Amino acid sequence: MSKTEEGATPAPKSNFIHQEIEKDLKEGKNGGAVLTRFPPEPNGYLHIGHAKSICLNFGLAEKYNGGCNLRFDDTNPTKEEVEYVESIKQDVRWLGFEWEGQEKYASDYFDQLFEWAVKLIKNGKAYVDDQSAEAIAAQKGTPTEPGVESKYRNRSVEENLDLFMRMKNGEFKEGERVLRARIDMASPNMHMRDPIMYRIIHKSHHRTGDKWCIYPMYDFTHGQSDFIEGITHSICTLEFEVHRPLYNWFLDQILEGEPEPERRPRQIEFARLNLNYTVMSKRRLLELVQKGIVNGWDDPRMPTISGLRRRGYTPASIRMFAERVGVARRDNIIDVALLEHCIREDLNKRAPRVNAVIDPVKLVLTNYPEDKVEWMEAVNNPEDESQGTRKIPFTRELYIERNDFMENPPKKFFRLGPGREVRLKNGYIIKCEDYKKSENGEVEEIYCTYDPETRSGNDTSGKKVKGTLHWVSASHSLPAEVRLYDRLFMDEDPAGHKDKDFKEFLNPDSLNILNNCRVEPSLKDVKALDFFQFQRLGYFCVDPDSTPEHLVFNRTVPLRDTWAKLAKK
RNA sequence: UGUCCCGUGGUGUAAUGGUAGCACAGGAGAUUUUGGUUCUCUCGGUCUGGGUUCGAAUCCUAGCGGGACAACCA
């Protein structure tokens with residue numbers, strides 16, 4: 001496997017799964033092999049929680065010199081599957097991981113699974129039940145009361161075999177019969193109360209077409225698929241913990257009478273990722289998309305991998321995040337500030353600095369010649385000398401950020417105000433002499449003088465100023481649209497309120513579109529997902545909607561802003 | 001009123017019988033032609049009660065708190 005993109009490499013951090021694997025290795029299990037798998041069901045888009053699992057599984061493979069399979073858990077053709085396969089593959093690759101060989105499908109193993117089902121029937125460990133779903137559910141009992149046995153539980157092997165074949169041959173309608181494991185209806189673990197192994201679904205499958213009309217359930221599929229592939233460590237989330245005895249039971253049954261295999265997969269559970277100020281369940285994410293609350297699965301406010309990508313998150317930042325959140329078994333809610341820290345850390349080192357003014361106000365240098373253009377040298381990235389320098393045009397008329405000027409600034413405000421001096425980065429020190437307001441009281445133009453002795457790079461004035469502003473040339477800058485994103489929800493745990501719908505906590509200001517922005521001319525030929533630091537503002541990336549005629553940038557995350565914190569006080 | 005899992009600073013996560021550490025967040029300062037970055041300092045924690053031990057975050061036990069489990073979903 002390989003990291004397909006440069007960027008920060010997370011520092012390795014130990015967790016309990018490493019310890020379990022090392023214990024197995026020491027005991028010589030699985031012939032010393034480590035093979036993991038990432039097993040998505042192709043019924044939706046991947047989100048940041050999946051990214052944690054991907055990084056964990058592929059990371060384990062890398063650490064122990066093993067491999068990681070990508071396997072689609074496609075045992076339920078009623079749930080629309082083929083359209084999601086490609087997006088999942090793309091997302092895994094984009095995160096920087098390469099799976100072992102071809103991608104796998106649980107449906108590749110349907111023949112083998114069927115044979116094993118027959119084996120269980122022959123050994124008296126499975127039976128066909130003719131009851132309805134409702135009847136079976138009613139007999140299942142509850143977590144505190146045992147279930148009761150089905151009246152079909154003690155059919156003969158011959159009858160079970162015959163019925164199962166007829167199920168396979170399409171002689172029954174959906175719901176008429178199921179194959180169940182014969183375990184223990186009184187087990188304290190509900191999953192051991194004669195779980196369903198196969199159900200009838202008359203629907204064609206995205207890979208097997210109409211070959212089958214019976215499909216295996218998750219529990220009868222997952223462990224055996226792991227076994228077939230030689231998976232050694234089957235890592236999943238905590239809600240599958242109660243399935244583990246069943247996972248092992250099915251493995252015991254298929255191995256019955258067989259020689260000891262070299263590898264036997266072992267299920268290990270960890271706590272899924274939760275992020276504050278968002279929702280993570282597929283159901284709620286789908287609702288946001290279907291109700292048009294967001295603009296699709298890749299809306300930059302979504303915690304989906306495709307949304308984060310469009311927002312400007314890099315694979316390296318997400319890998320870093322996955323490393324920093326750690327892996328444990330206790331429930332957790334990660335502060336989204338950690339995710340933001342990770343993208344800032346990555347982009348600080350890599351993003352070229354450019355000037356963009358997203359809320360422009362005109363500034364005129366009254367003592368600067370009308371037609372003069374000075375091409376000022378600017379460092380592309382002070383954190384990375386190899387990114388070199390570029391020239392930016394300095395002219396008499398400029399745009400600066402509206403909030404960099406105040407008519408009556410407090411002492412702590414280091415920016416522009418009447419009579420105040422600031423430096424224009426990569427330009428000159430200027431002094432505000434006057435300003436003009438429109439009838440509605442809005443500042444329209446600011447008039448300054450510049451000091452020719454203070455040119456950046458060869459300042460001979462010895463002047464010191466507290467503030468440095470970014471700017472663009474009024475005549476040379478390009479118009480652009482900028483989309484400012486904020487958290488989608490105003491509540492830390494929008495789905496965590498019993499009596500309130502999560503949508504009640506939507507942030508009305510989660511998207512703010514600015515149409516009158518100006519960016520420096522070097523941004524003329526940007527491509528989708530190119531990332532930049534708009535100096536003093538934040539990290540931005542080029543939206544796929546962007547064209548050379550109409551530039552569109554997404555704000556990934558603002559820069560840390562200690563002034564904003566101060567101003568709030 | 002069952003079975004299982006989990007309780008370490010605000011949030012995460014280490015320490016696996018021997019000095020409770022790290023990261024993020026918060027606070028203070030230094031540097032800075034980004035109020036960014038960087039650097040320094042700082043705040044703050046083992047759910048509670050018993051027990052075992054020279055010694056317990058760690059082992060045992062009781063309690064408390066949180067979570068999972070009753071789909072022909074995965």
Side-chain angles (χ1 to χ4, degrees), chain A residues 11 13-16 19 39-41 43 73-76 78-79 106 129 132-133 136-138 140-147 174-180 187-191 193 195-201 214-215 217-219 221-222 236-245 269 271 276 282 323-342 344-345 348-349 353 355 379 382-383 412-415 422-427 429 454 456-457 459 464-470 492 533-538 558-567:
Chain A
K13 184 168 157 186
S14 170
N15 64 53
F16 79 97
Q19 293 173 11
E41 181 189 14
N43 72 339
D73 231 331
D74 56 350
T75 59
N76 186 356
T78 63
K79 285 194 165 181
D129 196 328
S132 67
I136 290 174
K140 198 124 197 176
T142 69
T144 55
E145 309 154 30
E174 286 189 16
E176 263 183 3
R177 280 178 176 74
V178 290
L179 182 72
R180 297 178 73 181
S187 171
N189 182 336
M190 301 272 306
H191 295 273
R193 321 239 266 225
I196 289 162
M197 294 166 59
Y198 270 92
R199 76 288 215 191
I200 298 167
I201 301 176
I214 57 171
Y215 291 92
M217 300 286 289
Y218 167 84
D219 285 305
T221 306
H222 203 90
C236 62
T237 45
L238 245 29
E239 68 266 29
F240 291 98
E241 181 174 13
V242 281
H243 295 245
R244 191 169 64 216
E269 312 86 20
N276 62 9
K282 268 182 191 171
E323 184 61 46
R324 299 232 170 129
V325 299
V327 179
R329 285 174 67 88
R330 60 189 102 103
D331 293 328
N332 61 81
I333 302 176
I334 309 292
D335 192 340
V336 67
L338 180 60
L339 219 208
E340 295 179 345
H341 171 263
C342 289
R344 287 193 186 105
E345 179 168 301
N348 175 50
K349 284 177 296 201
R353 272 58 170 173
N355 290 316
V379 169
E383 307 294 317
K412 290 282 199 84
F413 186 79
F414 301 149
R415 307 175 189 180
V422 296
R423 171 167 290 284
L424 294 177
K425 190 170 172 70
N426 305 120
I429 290 178
T454 58
S456 284
D459 187 324
K464 285 268 181 272
V465 290
K466 286 285 254 180
T468 302
L469 307 188
H470 65 279
E492 279 203 48
Q533 185 196 99
F534 285 1
Q535 226 143 194
R536 299 211 306 133
L537 296 177
L559 251 30
R560 281 187 62 209
D561 189 350
T562 49
W563 163 245
K565 265 182 218 163
L566 245 179

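The shown structure was predicted, so the numbers you read here are calculated from the model rather than taken from an experiment. All heavy atoms count here, side chains included; hydrogens, waters and symmetry mates do not.
Proximity of Arg329(A) to the phosphate of C6(B): a side-chain N or O atom is located under 4.0 Å from OP1 or OP2. For the pair Gln19(A) and A14(B), the criterion of a side-chain N or O lying under 4.0 Å from OP1 or OP2 is not met. Between Arg330(A) and G12(B), a side-chain N or O to OP1/OP2 separation shorter than 4.0 Å is absent.
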Exercise. Whenever both distances are under 3.5 Å in a Watson-Crick or G-U wobble pair, mark it; put RNA chain B into dot-bracket that way, with [ ] for crossing pairs and | when the partner is on another strand.
Key: .((((((..((((....[..)))).(((((.......)))))....(((((..]....))))))))))).....

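Judged by atom type and distance alone, Arg536(A) does not reach the base of U34(B) through any side-chain donor-acceptor pair under 3.5 Å. Residue His243(A) places no side-chain atom within donor-acceptor reach of the base of A68(B), judged by atom type and a 3.5 Å distance cut-off alone. With hydrogens and angles left out, the side chain of Glu383(A) and the base of G36(B) share a donor-acceptor pair within 3.5 Å. With hydrogens and angles ignored, a donor-acceptor pair closer than 3.5 Å exists between the side chain of Ser456(A) and the base of U33(B).
Counting non-hydrogen atoms under 4.0 angstrom, Val325(A) reaches the backbone sugars and phosphates but no base. If you check every strand for non-hydrogen atoms under 4.0 Å, Arg560(A) touches sugar and phosphate atoms only. Nucleic acid contact for Gln533(A): base, since at least one base atom lies under 4.0 Å from a heavy atom of the residue. Heavy atoms of Pro40(A) sit nowhere under 4.0 angstrom from any nucleic acid atom. Within the nucleic acid shown, Ala133(A) comes within 4.0 Å of at least one base atom, counting heavy atoms only. No engagement by His470(A) is indicated, since no non-hydrogen atom pair under 4.0 Å with the nucleic acid exists. Counting non-hydrogen atoms under 4.0 angstrom, Gln535(A) reaches a base of the nucleic acid. Nucleic acid contact class of Val465(A) (heavy atoms, under 4.0 Å, all strands): none. Residue His191(A) is in sugar-phosphate contact alone, with no base atom involved, counting any heavy-atom pair closer than 4.0 Å across all strands shown. Across all strands shown, Arg415(A) has heavy atoms under 4.0 Å from base atoms, whether or not it also approaches the sugar-phosphate. Nucleic acid contact class of Glu145(A) (heavy atoms, under 4.0 Å, all strands): none.
Remark: Lys282(A) NZ is packed, more than 12 non-hydrogen atoms of other residues, nucleotides or ligands lying under 6.0 Å away.
In the set A74(B), A14(B), C73(B), the nucleotide with an atom closest to the side chain of Asn15(A) is A14(B). Looking at the side chain of Tyr218(A), the nearest of the listed nucleotides G67(B), A74(B), U11(B) is A74(B).
Here the side chains of Val325(A) and Asn332(A) are not in contact, with every heavy-atom distance at 4.5 Å or above.
Computed from coordinates, the Ile200(A) CD1 to C72(B) P distance equals 14 Å when rounded to whole Å. One interatomic measurement links the two molecules: CD of Glu323(A) to P of A23(B), which rounds to 15 Å at whole-angstrom precision. Straight-line distance from the CG atom of Asn426(A) to the P atom of U32(B): 17 Å, rounded to whole Å. Taking atom CD of Glu340(A) as the reference point, atom C1' of U11(B) lies 14 Å away to the nearest angstrom.
Using the six-membered ring where Trp is involved, His243(A) and His191(A) have ring planes that are tilted, between 30° and 60° apart.
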